[in-house]
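Hydrogens, waters and symmetry mates play no part in the numbers below; they use all other heavy atoms, side chains included. Just so we're on the same page: letters track the sequence lines, and every chain starts at 1.
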Number of protein chains: 2
Amino acid sequence: MNSPAPDRMMRAMDGKDDHDRPAPAKRPASRGVTMEAVGRLAGVSQVTVSRALSDPSKVSPATMERIREAIELTGYVPNALAGALASSRSRLVSALVPSITNVVYASMIQAFGAGIRDSGYQIMLSETGFAPQDEEALVAAHLSRRPDAMLLTGIHHSARTRRMLLGAGIPVVEVWDITDSPIDLCVGFSHIETGRAVADYAADAGHRRAGVVSAGDERARRRMAAFTERFRARTGATAAQALFPAQASLECGREGLARLIEAEGFTGGVVFCSSDLLAHGVLIEAQSRGLDVPGEVAVIGFGDQDFSPWTSPGITTVRVDRPAFGHAAARGLLARLQGGSAETTVIDLGFEIVPRGSS
Amino acid sequence: MNSPAPDRMMRAMDGKDDHDRPAPAKRPASRGVTMEAVGRLAGVSQVTVSRALSDPSKVSPATMERIREAIELTGYVPNALAGALASSRSRLVSALVPSITNVVYASMIQAFGAGIRDSGYQIMLSETGFAPQDEEALVAAHLSRRPDAMLLTGIHHSARTRRMLLGAGIPVVEVWDITDSPIDLCVGFSHIETGRAVADYAADAGHRRAGVVSAGDERARRRMAAFTERFRARTGATAAQALFPAQASLECGREGLARLIEAEGFTGGVVFCSSDLLAHGVLIEAQSRGLDVPGEVAVIGFGDQDFSPWTSPGITTVRVDRPAFGHAAARGLLARLQGGSAETTVIDLGFEIVPRGSS
DNA sequence: TTGTAAGCGTTATCAC
DNA sequence: GTGATAACGCTTACAA
């Protein structure tokens with residue numbers, strides 16, 4: 001019931017045309033269509049276009065329609081950078097994981113992304129590798145983009161990193177590990193309990209000799225250490241070790257068992273590996289040496305990968321519900337983002353030992 | 001040799017203190033440390049801080065040092081949003097892949113990320129899934145963040161998507177497929193040639209009966225179609241088909257062979273799968289049915305995954321150099337970004353058939 | 001070497 | 001329901 005369309009269409013033509021305004025000067029002619037341009041075409045001001053986009057109910061249907069047309073015509077794509085700067089909300093969520101080629105993290109992030117995206121947020125993903133010092137620089141780089149929230153893998157962060165995070169004043173979720181003193185939210189499981197549970201499982205099965213094959217990451221080491229300690233407490237035996245500095249691979253697994261046998265005096269027993277990939281390697285190496293699995297060498301992995309039930313024999317492993325971490329992390333962050341609620345801040349999702357033929 | 005530090009320190013104190021300036025009004029007290037604040041602390045203007053950060057050589061060592069201290073003291077983190085808005089360069093590169101849990105794409109992106117990050121760019125990663133219509137919305141969402149460049153997986157995009165991309169005026173690289181009419185750059189291999197090569201390989205090996213097991217993605221279907229056509233041309237036989245709408249899984253592979261045998265009248269021969277995961281499933285299903293591999297059922301996969309050499313028998317597969325795609329894509333984009341050069345726009349990285357025990 | 005002024009394209013806050 | 005106007009925190013001329 002406001003001024004009819006023709007009137008506004010006129011307004012679009014008067015005094016606003018490029019030729020009778022002071023020359024724009026300097027800057028290159030066009031860096032993309034702006035709300036200004038869309039508004040001009042639709043015969044409304046830039047602000048109205050902004051409103052039309054953010055809350056259509058605040059704009060008359062007729063105006064709305066003309067704006068829609070103008071957008072379609074110009075191929076206008078909003079500038080989220082400008083929007084974020086003006087509103088202090090970027091609708092960006094940072095996610096830092098050690099590695100994306102590791103299915104374990106990939107599937108967690110996949111679930112996290114799905115959850116977060118449904119609420120209109122976009123993910124900025126980076127790999128930290130397994131070196132803690134790199135994390136600091138990455139966190140700084142991400143914070144400079146002013147994310148509305150951040151997901152971090154693990155609970156060990158440099159003092160400076162914590163300070164930056166706290167200073168940013170955004171919700172943070174630490175995943176894949178558990179702690180009593182999270183920066184903010186925490187969704188994970190206990191690596192120490194995992195190691196102990198596996199040791200108990202092995203000891204209960206009657207094993208009296210053990211070895212571990214582990215990749216370089218700190219959490220894996222913690223599982224191995226807890227395993228070793230508990231296994232010694234239960235059996236008096238000290239587990240032989242084959243540790244690799246780098247990321248796990250099937251190759252490492254083969255070499256790991258070889259090293260256990262040739263350099264560490266491992267003469268059979270149970271081998272706990274920091275991942276199913278390593279476990280698969282150990283399995284293959286054992287078989288290629290004519291060692292019976294699980295008779296002479298029993299193998300236990302970690303992560304319950306897709307292939308683990310299907311090797312021969314299937315790999316006994318520790319299962320954690322990867323997507324659940326992602327979902328819980330997304331839920332927690334979104335709650336903070338929307339309500340600012342502070343309910344449960346630490347969620348222990350636990351783990352489960354999956355017995356299969358290899359042990 | 002300019003005005004000594006004390007002088008400037010004084011300046012920091014005169015007429016710039018909060019109490020004798022017009023009250024900032026409205027806005028919440030502090031939304032984060034700004035260059036302005038850092039400058040005030042260091043006794044210089046905001047611009048000088050900007051310069052210190054972007055090109056230290058333009059600032060005197062003494063000033064530089066005081067700015068450094070002020071930054072340290074305040075915990076200043078630059079606002080890249082504002083920077084990007086002002087300079088029209090976001091130092092953001094978008095990457096769209098079908099799935100991050102698929103190692104094939106993950107390792108490509110890992111290489112791409114490493115390359116791009118070294119030049120100071122950050123990646124915004126999203127999963128498109130395998131539905132083309134979703135891509136359009138994702139591309140729009142990414143473009144709204146004003147990335148400096150974009151990586152797309154595949155060569156089939158909606159008209160609207162192409163228009164948006166062209167309109168954005170940024171370098172674009174399409175990976176993982178090949179075409180004569182790329183949007184901009186293209187790094188990939190021919191899925192049709194791949195299918196044909198596998199058919200030739202199978203026919204040369206004496207196979208006269210064939211089946212295919214394929215996941216839902218379009219490129220996989222194209223490989224399968226090319227295989228089927230060429231195999232028919234060579235042998236006169238039509239390959240039996242088991243097609244799955246969703247993403248590949250080991251389970252699908254098992255069911256695929258079952259379906260081939262029970263519903264499609266497949267009585268043995270060669271089975272070409274759209275991924276090694278499927279091939280592994282076929283392998284397992286064949287063995288669990290007491291069928292000899294490769295004697296009764298020969299299996300060929302695609303992607304040369306980590307585990308493929310280690311199954312029993314090892315999986316014959318098609319290898320593509322995943323990291324190479326990422327590297328080449330990064331190189332191409334960076335060249336555009338830096339020089340704007342337009343040299344080779346289409347790079348065919350080819351593929352290689354890796355014969356193993358399964359065929 | 002340093003500072004001033006004018007944007008960048010939005011959103012937020014008021015008026016009307 | 002719509003429009004001015006002032007931020008948002010930077011970068012880019014241009015001046016000193």
Side-chain angles (χ1 to χ4, degrees), chain A residues 1-5 7-8 11 16 22 24-28 30-40 42-64 66-67 76-91 144-146, chain B residues 1-5 7-8 11-12 16 22 24-28 30-39 42-64 66-67 76-91 144-146:
Chain A
M1 308 306 146
N2 232 297
S3 46
D7 173 68
R8 284 209 212 82
R11 226 186 296 156
K16 277 280 196 183
K26 283 142 210 169
R27 298 268 176 185
S30 158
R31 338 214 276 165
V33 184
T34 66
M35 281 190 171
E36 178 77 40
V38 172
R40 213 148 44 216
V44 297
S45 77
Q46 172 268 125
V47 215
T48 304
V49 179
S50 172
R51 266 193 290 257
L53 258 33
S54 61
D55 185 358
S57 77
K58 287 181 163 181
V59 161
S60 83
T63 304
M64 191 64 211
R66 291 210 315 289
I67 292 180
Y76 170 71
V77 178
N79 186 329
L81 254 30
L85 180 60
S87 66
S88 311
R89 290 183 312 115
S90 64
R91 303 224 138 243
S144 77
R145 308 275 176 189
R146 297 297 186 266
Chain B
M1 309 310 144
N2 232 298
S3 45
D7 173 68
R8 286 209 211 81
R11 224 186 297 155
K16 277 285 196 178
K26 284 144 208 172
R27 296 271 176 186
S30 158
R31 337 213 276 166
V33 184
T34 65
M35 279 189 172
E36 178 76 42
V38 171
V44 296
S45 77
Q46 172 268 122
V47 220
T48 304
V49 179
S50 171
R51 268 191 291 255
L53 259 33
S54 61
D55 185 359
S57 77
K58 288 182 164 182
V59 162
S60 82
T63 305
M64 192 64 211
R66 293 211 312 290
I67 291 180
Y76 170 70
V77 177
N79 186 330
L81 253 31
L85 182 59
S87 66
S88 310
R89 291 183 311 115
S90 63
R91 304 222 136 244
S144 77
R145 257 70 230 203
R146 297 297 187 264

Legend entry - A/S88 vs D/dC8: side-chain N/O to OP1/OP2 distance below 4.0 Å: no
Inset, instruction - Take the protein atom CZ of A/R145 and the nucleotide atom P of D/dG9, then report the distance between them rounded to whole Å. - result: 17 Å
Legend entry - Nucleotide nearest A/V59 when distance is taken to its side chain, options D/dT2, C/dG7, C/dT10: D/dT2
Legend entry - Nearest heavy-atom neighbours spanning B/L85 and A/L85: CD2-CD2, 3.4 Å
Legend entry - B/R89 side-chain proximity, nearest of D/dT12, D/dT11, D/dG3: D/dT12
Inset, instruction - Quick one: pull up NZ in B/K58 and OG in B/S50 and give me the separation to the nearest 0.5 Å. - result: 9.5 Å
Legend entry - Candidate nucleotides D/dG9, D/dT12, C/dT11, ranked by approach to the side chain of B/S87 - the nearest: D/dT12
Inset, instruction - Would you please name every residue forming a side-chain contact (heavy atoms from CB on, under 4.5 Å) with A/V59, sequence neighbours left out? - result: A/T48, A/R51, A/A52, A/T63, A/M64
Inset, instruction - Nearest whole angstrom, please: distance from the C1' of D/dT11 to the CG of B/L53. - result: 12 Å
Legend entry - A/T34 side-chain proximity, nearest of D/dT11, C/dG9, D/dC10: C/dG9
Inset, instruction - Using whole Å, report how far CG of B/L81 lies from P of D/dC8. - result: 14 Å
Legend entry - Interatomic distance where CD1 belongs to A/I67 and P belongs to D/dT2 [whole Å]: 8 Å
Inset, instruction - Please name the pair of heavy atoms, one in A/M35 and one in A/V49, separated by the smallest distance, quoted to 0.1 Å. - result: O-CG2, 3.8 Å
Inset, instruction - Mind calculating the distance between NZ (A/K58) and C1' (D/dG1) to the nearest angstrom? - result: 11 Å
Legend entry - Presence of B/S50 side-chain N/O under 4.0 Å of D/dT11 phosphate oxygens OP1/OP2: yes
Inset, instruction - Report the nucleotide, chosen from D/dG9, D/dG3, C/dT2, that has the shortest atom-to-atom distance to any side-chain atom of A/V44. - result: D/dG3
Legend entry - Toward the 5' end of DNA chain C, by each residue's nearest nucleotide, B/P61 or B/V47: B/P61
Legend entry - For atom CG of B/N79 and atom P of C/dT10, their distance in whole Å: 17 Å
Legend entry - Options C/dT2, C/dG9, D/dT2, nucleotide nearest the side-chain atoms of A/L85: C/dG9
Legend entry - Atom-to-atom span, CG of B/D55 to P of D/dC10 - whole angstrom: 18 Å
Legend entry - Closest listed nucleotide, where the reference is the side chain of A/T63 and the choices are C/dT11, D/dT2, C/dT2: D/dT2
Legend entry - Nearest non-hydrogen partners of B/A84 and B/S90, listed with the distance: CB-CA, 3.6 Å
Inset, instruction - Kindly say whether, by distance alone, the side chain of A/R146 makes a donor-acceptor pair under 3.5 Å with the base of D/dG9? - result: no
Inset, instruction - Could you pick out which residue, B/R51 or B/P78, lies toward the 5' side of DNA chain D when each is mapped onto its nearest nucleotide? - result: B/P78
Legend entry - Comparing B/A82 and A/S54 on DNA chain C - which has the more 5′ nearest nucleotide: B/A82
Legend entry - From CZ (A/R40) to OG (A/S45), nearest 0.5 Å: 12.0 Å
Legend entry - Whole angstrom value for the distance that separates C1' of D/dT11 from CZ of B/R91: 14 Å
Legend entry - Estimated bend of the helix from C/dT1-D/dA16 to C/dC16-D/dG1 (axis per five terminal pairs, rounded to 10 degrees): 30°
Legend entry - Residue pair A/Y76 / A/L53: nearest heavy atoms and the distance that separates them: CE2-CD2, 3.7 Å
Inset, instruction - Look at A/T48 and D/dG3 and indicate whether a side-chain polar atom (N or O) is within less than 4.0 Å of OP1 or OP2. - result: yes
Inset, instruction - Among D/dG1, C/dT11, D/dC10, find the nucleotide with the atom closest to the side chain of A/S60. - result: D/dG1
Inset, instruction - May I have the step-by-step check of side chain to side chain contact (heavy atoms under 4.5 Å, CB included) for A/V33 and A/V38, ending in yes or no? - result: CA-CA 7 Å; A/V33 184; A/V38 172; 3.9 Å; yes
